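Take a look at the structure below.
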Amino acid sequence: MPSKKIQHILESQQFNRHWLLTQFFPEVARMKRLVEVKGVSSALSDKTVCLLFYEPSTRTRISFEQAAQKLGAKIASTENASEFSSAIKGESLADTIRVINSLKFDAVVIRSDMEGGAVEAANVSQIPIINAGDAAGQHPTQALLDVYTIFEHFKRLDNLKVALVGDLKNGRTTRSLAYLLGKFKKIHFDLVAPAAFQMKQDILDYFDRHNISHKRTKSLESVADQVDVVYLTRLQKERLKKNSKVNGNGVRLNDKVMAILNKKSIILHPLPRSDGFNEL
Ligand code: ASP
């Protein structure tokens, strides 16, 4: 991380290669061991964390709760905050965040239903805001977890070929992962998606600005024998018009793809898998 202390976690671009390799990964390994050996820690025993989830979540919310509790923090949590919080009475996100600040929480984990919602929250917050997914924007904590998982397996993040597969247009995890892995050397991305679901221009511009090698394709089969990482994602049905017809051919990990997949490669999926593309 840059010399300044982390205030908020909002988007993957805020992290750099040096910080990931020299501080973040060793610290994750240390905490992993600590939890494996002792089960719990008192590192956050004087802290209270507020979890504010406006969009559905299973893994992210439960694992944030679990992590906070294992580190000794107390939590206050609302799921479906668009209905179960004062949002339904017309309260703005900014006002909700101001109130949470005044109640002396130590951090807010937010899943916003608006792209840019976490940034909006951070603009009025004196306590750290952690973006746990902002609509089709970003999911930086998922990306941190993903790069750690890849690093743990390959013991490196440079010089890897990565296929990002599925609904790259609406999926926030692939967007955050692209920004984060793009910080490493000699990375190549195969962007595998049906034409209507290809990666948005902001990421392609980022690749071009930083000379990051990438190729767009509709077929996982065409790149499967060359890639080190296959990162599958589901169709983001909730972001589509009702009854949209979608063809998942080409983004499916079927027997044909499995037969030619580089045997040293790894397969990741942020979950949930679903029947939209039937990708896994
Ligand atoms: N769980 C991930 C997310 O919240 C992936 C997904 O929903 O497709 O973005």
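Just so we're clear, the structure is a prediction, and the values are computed from it rather than from any experiment. Any value given below was found using the heavy atoms of this structure, including those in side chains, with hydrogens, waters and symmetry copies removed. Along the sequence shown, residues are numbered consecutively beginning with 1. When a ligand or atom number is given, it counts from 1 through the structure's own listing order.
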Exercise for review: Examine the side chains of Arg156 and Asn159 and answer whether a donor and an acceptor come within less than 3.5 Å of each other.
Suggested key: no
Taking 4.0 angstrom as the limit and counting only heavy atoms of [X], give me the atoms of ligand 1 inside it, by number and element.
X: Arg111; result: 4 (O)
X: His139; result: 3 (C), 4 (O), 9 (O)
X: Pro272; result: 6 (C), 7 (O)

Exercise for review: Write out the residue and atom name of the closest protein heavy atom to atom 6 (C) of ligand 1, then the distance separating them to 0.1 Å.
Suggested key: Arg234 NE, 3.3 Å
Review point. So which protein heavy atom does atom 4 (O) of ligand 1 come closest to, and at what separation?
Key: Arg172 NH2, 2.8 Å
Review point. Can you find a non-hydrogen atom of Thr173 under 4.0 Å from ligand 1?
Key: yes
Exercise for review: Determine, using heavy atoms of Gln142 and all atoms of ligand 1, whether some pair is separated by less than 4.0 Å.
Suggested key: no
Below 4.0 angstrom, N of the basic side chain to O of the carboxylate: do [X] and [Y] qualify?
X: Arg17; Y: Asp158; answer: yes
X: Arg30; Y: Glu36; answer: no
X: Arg175; Y: Asp202; answer: yes

Practice item. For the pair Ser12 (side chain) and Leu180 (backbone), establish whether a donor and an acceptor sit closer than 3.5 Å, ignoring hydrogens and angles. Key: no
**Study point:** Within reach of ligand 1, part of Leu271 (heavy-atom separation under 4.0 Å)
**Key:** backbone
Practice item. Could you tell me whether Lys256 atom NZ has more than 12 heavy atoms of other residues or ligands within 6.0 Å of it? Key: no
